[in-house]
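I have placed the structure first, in the form of structure tokens, so that the comments after it can refer back to it.
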Amino acid sequence: MSYILRRLTMSVEAELQESVNYTPLQRMRHSAAHVMAEAVQEIFPEALFSIGPAIEDGFYYDFDLPRPLTPEDLPEIEQHMQKIVAAGYPFLHDRWPREKALEYFGNKGQVYKVEIIENLPDAEVGIYRQNNFLDLCRGPHVQNTSQIGPFKLMRVAGAYWRGDEHRPMLQRIYGTAWFSQEELDQYLWQLEEAQKRDHRKLGRELKLFTLSDELPAGVPMFYPRGEMLRHLMESYVRETQERYGYQHVWTSHVGKVHLYKTSKHWYTYRENMFPIMKGEQELTEDDAYILKPMNCPHHILLYKSQMHSYRELPVRYAEFATLYRYEKAGVLTGLARVRSLTQDDAHVFMRPDQIQEEFDRAVNLTLEVFETYGLTDYWIRLSLRDPQKKGEYVGSDEVWEMAEATLRGAVEGKGIRYEEGIGEAAFYGPKVDFMVRDALGREWQCSTIQLDFIQPENFELEYIGEDGQAHRPVMIHRAVTGSTERFMAMLIEHFAGAFPVWLSPVQAIIIPIADRHQEYAQSVFEQLKAVGVRAEIDMRGERMNAKIRDAQLQKFPYMLVVGDKEAAAEAVSVRLRTNIDLKSMPLTQFIERILQISNTKSKEL
RNA sequence: GCCGAUGUAGCUCAGUGGUAGAGCAGCGGUUUUGUAAACCGCUGGCCGGGAGUUCGAAUCUCCCCAUCGGCUCCA
């Protein structure tokens with residue numbers, strides 16, 4: 001809306017019509033942020049204020065304070081807020097000329113407010129005041145502070161001014177606010193539920209993986225059950241990739257600096273690479289060793305080491321390779337963000353006329369894998385170039401337009417919700433990312449499919465065309481689950497550790513009722529093992545009830561209780577982790593059931 | 001990397017200047033059990049690492065390591 005039009009509107013409904021399209025809930029939360037700011041001002045009169053928007057589940061405000069906040073400060077701030085809310089101070093709106101606002105905030109040393117105003121184009125700026133707190137703000141707000149619903153301050157955190165790590169670090173307080181106590185309680189309950197599913201907690205409880213102070217940060221270790229899970233995940237993707245025409249290759253874990261100079265990563269990606277190793281031989285920089293941070297240059301070397309005819313394209317190289325990336329220490333999180341990650345990566349070398357088919361193939365493969373894992377809630381981010389800034393991208397207009405149209409067409413053809421991100425494309429080509437929502441509604445970026453026009457140039461890749469001349473191929477980079485570690489983190493939380501039978505590291509736990517049943521339990525174990533069922537026996541001297549409880553907590557799909565009756569009848573008493581007791585059934589019948597469910601990757605038990 | 005918090009037994013945690021604790025787990029014994037925790041006993045700790053202050057440090061100070069919450073949401 002233009003400034004003039006806005007002023008006209010505002011003269012009628014000043015408070016409601018001002019700029020931001022806040023929902024009533026967001027408006028209330030934004031007002032809560034102002035009340036929090038006043039509370040902070042009461043405690044720290046010298047506080048400097050920056051911004052305090054409503055966000056997804058609440059609000060925050062960023063302050064510059066004379067001392068660091070700790071969690072112990074929050075109750076006091078909350079108490080001040082309660083008083084302000086209870087007093088029902090009206091939110092008063094005003095509009096000041098820029099100059100007046102600059103003078104006012106300048107005199108108070110409010111440097112962040114001054115900077116904000118200096119960047120505003122308008123001749124007038126919005127001012128809101130409640131009680132003793134006056135803030136530069138475009139609103140809107142609730143009418144008075146008593147309309148602010150139940151709230152809770154959640155945490156303190158550091159946040160760079162304007163999100164820029166070269167600018168001052170401010171102190172952010174996050175809060176949440178709702179219209180009713182029930183909604184606040186529900187939200188807090190959901191947070192607790194999410195914590196129960198935290199893959200770091202479940203990873204330890206289910207004996208999947210661990211971290212050690214003796215290893216660098218971001219380098220997880222996997223116990224037998226976790227490794228089995230990795231193996232099952234990767235085997236499944238591998239089998240699927242083979243079915244889709246990808247060939248697996250192996251390119252080890254080490255490269256040379258020169259290779260990454262050719263790919264240009266050395267110049268753009270170096271801060272994410274582990275330091276080079278020159279060794280005792282004092283290698284030159286070009287010959288120095290690096291830990292492989294990505295596969296593309298290596299797959300390109302494989303491609304380049306042989307001649308290729310147009311007839312054999314596309315060449316599809318896939319690899320499960322462990323990559324090493326020096327992520328910033330502060331961003332590491334369990335398995336979700338690590339420094340040693342295993343990508344299910346692939347690179348397709350193809351003729352330009354094959355882009356559509358190959359892109360489609362990659363999308364289909366991804367969708368099949370999502371379907372198998374039961375991930376039904378996802379959307380696609382289609383990253384395109386900014387047509388205003390064509391100079392920032394490599395490749396001709398013609399190829400870009402064709403490529404973008406191809407990607408958009410393929411995505412639309414699948415009927416999947418997608419959003420276009422203008423200007424979000426990589427400089428070397430457009431891409432699509434799959435954003436998956438897990439059972440708790442959190443989004444994870446997993447799969448990615450990227451077109452690349454630049455690496456074939458960097459490496460002067462060729463294929464011999466029908467005309468006998470050398471031509472330049474196009475590349476696709478794609479990953480299906482992204483990294484095994486990250487995807488595992490998502491699966492753990494999605495399933496809350498209760499994996500489908502085909503993915504369960506332990507599919508069945510055999511529970512002998514008394515010691516005299518151990519021999520029969522062993523026999524059941526051998527028979528299950530012979531048909532490929534992953535089973536274990538609980539031989540501890542515990543009562544059956546304790547063994548069942550522990551099996552439930554371990555989320556094993558099937559508990560096979562064996563006592564006198566079962567031993568006599570070559571049977572097992574089957575209990576599901578869903579608390580359902582199927583009673584005794586012949587062992588052969590159980591084997592038939594579990595194999596059928598496992599082999600079809602069914603989500604049933 | 002930056003800001004803040006945290007680090008005590010395998011796990012969850014108590015202990016804030018004066019002899020390291022609990023529950024669970026583990027081990028031993030008793031019990032031999034029919035669908036979510038039997039009973040009794042025992043073991044287990046460079047209190048994350050290093051340096052300092054102190055008669056004395058898990059506790060106070062500094063450095064390092066690791067873990068957690070953030071650092072995209074724009075007056």
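Not measured: the values here are computed from a predicted model. Letters go in sequence order (proteins before strands), and every chain restarts at 1.
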Would you mind pulling out the nucleotide paired to [N], Watson-Crick or G-U wobble, both distances under 3.5 Å?
{"N": "C73(B)", "value": "none"}
{"N": "A38(B)", "value": "U30(B)"}
{"N": "G52(B)", "value": "C60(B)"}
{"N": "A25(B)", "value": "none"}
{"N": "A66(B)", "value": "U6(B)"}

**Prompt:** Does any donor-acceptor pair link the side chain of Y160(A) with the base of G1(B) at a separation under 3.5 Å?
**Reply:** yes
At under 4.0 Å between heavy atoms, what does [X] touch on the DNA or RNA strands: base, sugar-phosphate, or nothing?
{"X": "A329(A)", "result": "base"}
{"X": "G163(A)", "result": "sugar-phosphate"}
{"X": "L332(A)", "result": "sugar-phosphate"}
{"X": "S212(A)", "result": "nothing"}
{"X": "N545(A)", "result": "sugar-phosphate"}
{"X": "G334(A)", "result": "sugar-phosphate"}
{"X": "D564(A)", "result": "base"}
{"X": "K113(A)", "result": "sugar-phosphate"}
{"X": "N579(A)", "result": "base"}
{"X": "R155(A)", "result": "sugar-phosphate"}
{"X": "Q26(A)", "result": "nothing"}

[X] side-chain N/O to [N] phosphate OP1/OP2 under 4.0 Å:
{"X": "R167(A)", "N": "C71(B)", "result": "no"}
{"X": "R200(A)", "N": "C68(B)", "result": "yes"}
{"X": "R172(A)", "N": "G70(B)", "result": "no"}

**Message:** Keeping R593(A) on the side-chain end and L605(A) on the backbone end, is there a donor-acceptor pair under 3.5 Å?
**Reply:** yes
Rounding to an integer number of angstrom, what distance separates [N] and [M] when you compare their [atom1] atoms?
{"N": "A9(B)", "M": "C62(B)", "atom1": "C1'", "result": "29 Å"}
{"N": "C74(B)", "M": "C68(B)", "atom1": "C1'", "result": "27 Å"}
{"N": "G23(B)", "M": "A5(B)", "atom1": "C1'", "result": "26 Å"}

**Prompt:** Is it true that the NZ or CZ of R577(A) lies under 6.0 Å from the centre of F556(A)'s six-membered ring and within 45 degrees of the ring axis?
**Reply:** no
**Message:** Can you see whether Y22(A) has R27(A) sitting over its ring - NZ or CZ less than 6.0 Å from the centre and within 45° of the normal?
**Reply:** no
**Item:** Nucleic acid footprint by protein, nucleotides 3-11 of chain B - heavy-atom cut-off 4.0 Å, B for base, S for sugar-phosphate alone
**Value:** BSS-----S
**Euclidean distance, I380(A) CD1 relative to M435(A) CE, rounded to 0.5 Å** = 11.5 Å
Check nucleotides 22-29 of chain B for protein N or O atoms closer than 3.5 Å to its own N or O atoms and list the pairs.
none

**Message:** Looking at R200(A) and D198(A), is there a salt bridge between them, counting it only when a charged N and a carboxylate O are closer than 4.0 Å?
**Reply:** yes
**Carboxylate-amine/guanidinium proximity below 4.0 Å for D94(A) and K100(A)** = no
**Message:** Among residues 218-229 of chain A, which ones have heavy-atom contacts with RNA chain B below 4.0 Å?
**Reply:** G218(A)
Atom pairs under 3.5 Å: protein N/O with N/O of nucleotides 13-16 of chain B:
none

**Message:** Holding to ring pair (Phe, Tyr, Trp, His ring centres under 6.0 Å), I want the full list of residues that pass it with W444(A), two or more places apart in sequence or in another chain.
**Reply:** none
**Request:** Please name all residues satisfying ring pair (Phe, Tyr, Trp, His ring centres under 6.0 Å) with F499(A), sequence neighbours left out, ordered by chain then number.
**Result:** none
**Message:** Once you measure the plane-to-plane angle for F222(A) and F209(A), does it fall in the parallel (<30°), tilted (30-60°) or perpendicular (>60°) bin?
**Reply:** tilted
